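For reference, the structure discussed in these notes is given below.
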Amino acid sequence: MNYQLKIYNSLTGEKEIFKPILEGNVGMYVCGPTVYSNVHMGNVRTFMSFDFIYRTLMHLGYKVRYVRNITDAGHLTDDGDVNNDRFVKQSRLEKLEPMEIVQKYTVDFHKVLSMFNNLPPNIEPTATGHIIEQLELTKVLIEKGLAYVSNGSVYFDVRAYNEQGGNYGELSKRNIDELFANTRDLDGQDEKKNPQDFALWKKASPEHIMKWPSPWGEGFPGWHLECTAMSTKYLGDRFDIHGGGMDLKFPHHECEIAQGKACNGTSPVNYWMHANMLTMNGQKMSKSTGNTILPIELITGNNDFFEK
């Protein structure tokens with residue numbers, strides 16, 4: 001190949017000449033949707049960006065293995081409260097089983113991306129389909145002294161990781177001591193050794209619907225662990241490109257780097273790529289603020305933001 005491709009690497013903060021691990025081949029993982037509601041235009045913007053990158057790599061002659069996951073397991077917000085699990089909330093709201101919610105919005109996601117002529121990924125793994133892999137990774141981290149069991153949940157020990165040569169904060173450029181000092185007092189924090197420790201496996205309360213057996217009791221996987229399990233299974237302990245929205249840089253991608261290094265002794269990704277947020281009315285498009293527009297609303301003109 002006689003050309004030179006440069007990629008802006010979020011990890012180094014610089015444009016770098018792209019050199020794949022295996023010449024002529026590219027392994028790329030992109031964080032997919034959490035399928036508890038319709039994808040809005042802000043979500044589509046990220047997936048469209050990586051569709052363009054995928055097409056560009058293939059156009060340049062690379063053989064690409066593009067992996068994009070579906071998050072369909074219990075997804076807690078950062079306060080650890082089961083009532084804030086997005087799937088539990090939505091299933092109560094719509095009076096459907098959680099896996100009906102998953103199916104409904106996975107179908108919608110595929111329909112929307114097809115409307116924008118996006119190519120499907122080569123592999124689209126689901127979090128629920130990789131519970132065993134996540135349990136195995138958790139066992140490895142416990143054995144290495146980088147995770148601990150507390151009240152039926154398992155947490156990644158950030159301080160122990162840093163003491164063993166890790167560098168938690170390297171992607172987001174956050175100072176670990178400041179992180180420890182400024183953490184909010186959240187539900188479940190008393191189970192942790194340190195406030196910045198994050199859940200690898202969360203104990204399920206009796207009312208929690210989506211749960212699986214584990215050596216530590218019934219529970220469900222931590223959000224960050226899902227992507228480490230799926231990306232390394234299909235692309236190896238170290239692969240070329242990891243993509244996602246800018247909002248995932250911390251803590252999600254930061255935690256993925258820590259897990260990958262802790263499990264496999266190597267930084268999992270050579271080039272981190274982040275798509276910026278879509279803005280509307282001067283604000284980030286976000287489900288939580290209601291400042292969103294669905295693709296079909298844009299196309300039909302049936303919305304409160306734009307004239308038809």
Side-chain angles (χ1 to χ4, degrees), residues 7-8 10 26 28-59 64-73 75 77 86-87 89-90 93-94 100-127 223-224 226-227 230-231 241-250 252-253 256 269 271-308:
I7 287 178
Y8 179 83
S10 300
V26 178
M28 180 169 79
Y29 183 89
V30 173
C31 287
T34 302
V35 283
Y36 68 97
S37 64
N38 299 105
V39 287
H40 58 66
M41 284 303 301
N43 306 132
V44 172
R45 186 233 189 277
T46 297
F47 301 123
M48 199 180 281
S49 297
F50 286 99
D51 180 69
F52 175 76
I53 290 164
Y54 177 39
R55 288 171 184 268
T56 302
L57 290 166
M58 290 194 297
H59 174 71
V64 186
R65 178 179 284 179
Y66 175 21
V67 182
R68 186 185 66 212
N69 75 298
I70 296 280
T71 295
D72 62 345
H75 188 129
T77 51
R86 294 165 179 181
F87 291 98
K89 284 173 85 170
Q90 199 64 26
L93 196 65
E94 297 194 37
E100 284 184 275
I101 295 293
V102 165
Q103 181 68 10
K104 176 181 175 180
Y105 292 113
T106 300
V107 168
D108 171 72
F109 172 65
H110 289 146
K111 197 182 291 181
V112 167
L113 291 197
S114 148
M115 194 160 62
F116 285 93
N117 199 30
N118 281 19
L119 296 172
N122 303 112
I123 301 175
E124 193 173 52
T126 63
W223 173 37
H224 314 306
E226 297 170 0
C227 282
M230 290 182 279
S231 63
I241 297 171
H242 192 315
M246 193 76 80
D247 54 333
L248 297 181
K249 191 184 281 190
F250 186 89
H252 186 50
H253 291 161
E256 278 192 67
V269 180
Y271 302 90
W272 284 90
M273 300 182 77
H274 291 94
N276 213 333
M277 301 292 96
L278 187 66
T279 57
M280 185 165 68
N281 300 323
Q283 283 183 304
K284 183 183 95 168
M285 194 173 282
S286 163
K287 289 174 189 171
S288 56
T289 61
N291 185 48
T292 63
I293 184 166
L294 299 180
I296 198 69
E297 292 172 337
L298 182 69
I299 289 164
T300 60
N302 183 24
N303 65 79
D304 299 327
F305 294 103
F306 305 113
E307 291 180 18
K308 190 165 181 178

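Worth knowing before you read on, the calculation uses all heavy atoms, side chains too, and leaves out hydrogens, waters and symmetry mates. Here the structure is a predicted model, which means the values were calculated and not measured.
M280 contributes atom CE, which lies 8.0 Å from atom CG of L278 (distance to the nearest 0.5 angstrom). With rounding to the nearest 0.5 Å, the separation of CD in E256 from SG in C31 is 5.0 Å. Atom NE2 of residue H274 and atom OG of residue S49 lie 12.5 Å apart, to the nearest 0.5 angstrom. Atom CD1 in I123 sits 12.5 Å away from atom CZ in R68 (nearest 0.5 Å). Note that CD1 of I293 is 8.0 Å distant from CE of M41, once rounded to the nearest 0.5 Å.
Residues that satisfy the side chain to side chain donor-acceptor pair (under 3.5 Å) test with T292, not counting sequence neighbours, are absent from this structure.
Taking the six-membered ring where the residue is Trp, H252 and W223 present parallel rings, their angle staying beneath 30° rather than reaching 60°.
For the pair M285 and H40, the minimum side-chain heavy-atom distance is below 4.5 Å. Inter-residue side-chain proximity for E124 and N69 is flagged as unmet; no heavy-atom pair is nearer than 4.5 Å.
K104 and D108 are not joined by a salt bridge, as no carboxylate oxygen comes within less than 4.0 angstrom of a charged side-chain nitrogen.
With ring centers used as reference points, F109 lies under 6.0 Å from F47.
The environment of R65 atom CZ is sparse: at most 12 non-hydrogen atoms of other residues, nucleotides or ligands sit within 6.0 angstrom. For CZ of F52, the number of neighbouring non-hydrogen atoms (other residues, nucleotides, ligands) closer than 6.0 Å is 12 at most.
Of all non-hydrogen atoms in F116 and P295, the two that sit nearest each other are CE1-CB, 3.5 Å. The two residues T46 and G245 have their closest heavy-atom pair at CG2-N, 3.7 Å.
With hydrogens and angles ignored, the 3.5 Å screen pairs no side-chain donor or acceptor of N291 with any backbone N or O of S286.
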